[in-house]
Amino acid sequence: MLTEEERAQALYELSFNWSKACKLFFLCLASCLLGLSVLYWTLDYQSKERTTKLQAQLVADMDAIASFYHYEPLADLYEGVMGFRGKVDFDQVTYLGEQMERYHHKVKLTEVKGQKRVVGTGVYELRFVPKNAEPQAEVESKQEKATESASS
């Protein structure tokens, strides 16, 4: 059998005391910090790699778009063809040929003027009449004058 002193010494090795608690705490803290550092480094490396790959893809896409929309200057004149300066810039379009040659058909445009009538508060009725058309009252008065002159 064990004596009390041997028994206390054996139980001390199996017991949980302050020194063991501190050792376990610092071991867990060091492991956690090391794991978080490795995780951060891995994520940082992956994000840099992903950013580099996306930048390369963006530059390639922009070059493809620029080459797709790039037109060579035209040497011959055709109906309705536009000449471009460098890359396509629709603010600097030059039409080739005279204005009438650019259209396949002529459309007759009629000048109109707008008339507004108040229907209610904030509600208006709009109509557009030809600019050279005479008002209905003037047409009726001319018809009356014509009938009067014809009867006399």
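Partners of Q9 according to the side chain to side chain contact (heavy atoms under 4.5 Å, CB included) rule, which considers only residues two or more places apart in sequence or in another chain, do not exist here. With sequence neighbours left out, E6 forms a salt bridge (Lys or Arg N to Asp or Glu O under 4.0 Å) with no residue at all. With sequence neighbours left out, E5 forms a side chain to side chain contact (heavy atoms under 4.5 Å, CB included) with T3.
To the nearest 0.5 angstrom, C22 atom SG is 12.5 Å from L27 atom CG. In this structure, CG in L34 is found 11.0 Å from CG in L29, a value given to the nearest 0.5 Å. We find the CD-CG distance between E49 and D44 to be 11.5 Å, quoted to the nearest 0.5 Å.
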What donor-acceptor contacts under 3.5 angstrom involve side-chain atoms of residues 121-130, with partners at least two apart or in another chain?
{"residue": "E125", "atom": "OE1", "partner": "R117", "partner atom": "NE", "Å": "3.2"}
{"residue": "E125", "atom": "OE1", "partner": "R117", "partner atom": "NH2", "Å": "2.8"}
{"residue": "E125", "atom": "OE2", "partner": "R117", "partner atom": "NH2", "Å": "3.4"}
{"residue": "R127", "atom": "NE", "partner": "Q115", "partner atom": "OE1", "Å": "2.7"}
{"residue": "R127", "atom": "NH2", "partner": "Q115", "partner atom": "OE1", "Å": "2.8"}

Side-chain donor-acceptor contacts of residues 51-63 below 3.5 Å, not counting sequence neighbours, with atom names and distances?
{"residue": "T51", "atom": "OG1", "partner": "S47", "partner atom": "O", "Å": "2.7"}
{"residue": "T52", "atom": "OG1", "partner": "K48", "partner atom": "O", "Å": "2.8"}

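Judged as a side-chain hydrogen bond (donor to acceptor under 3.5 Å, both in side chains), the pairs with a partner in residues 18-43 (not counting sequence neighbours) are, in order, N17-S19.
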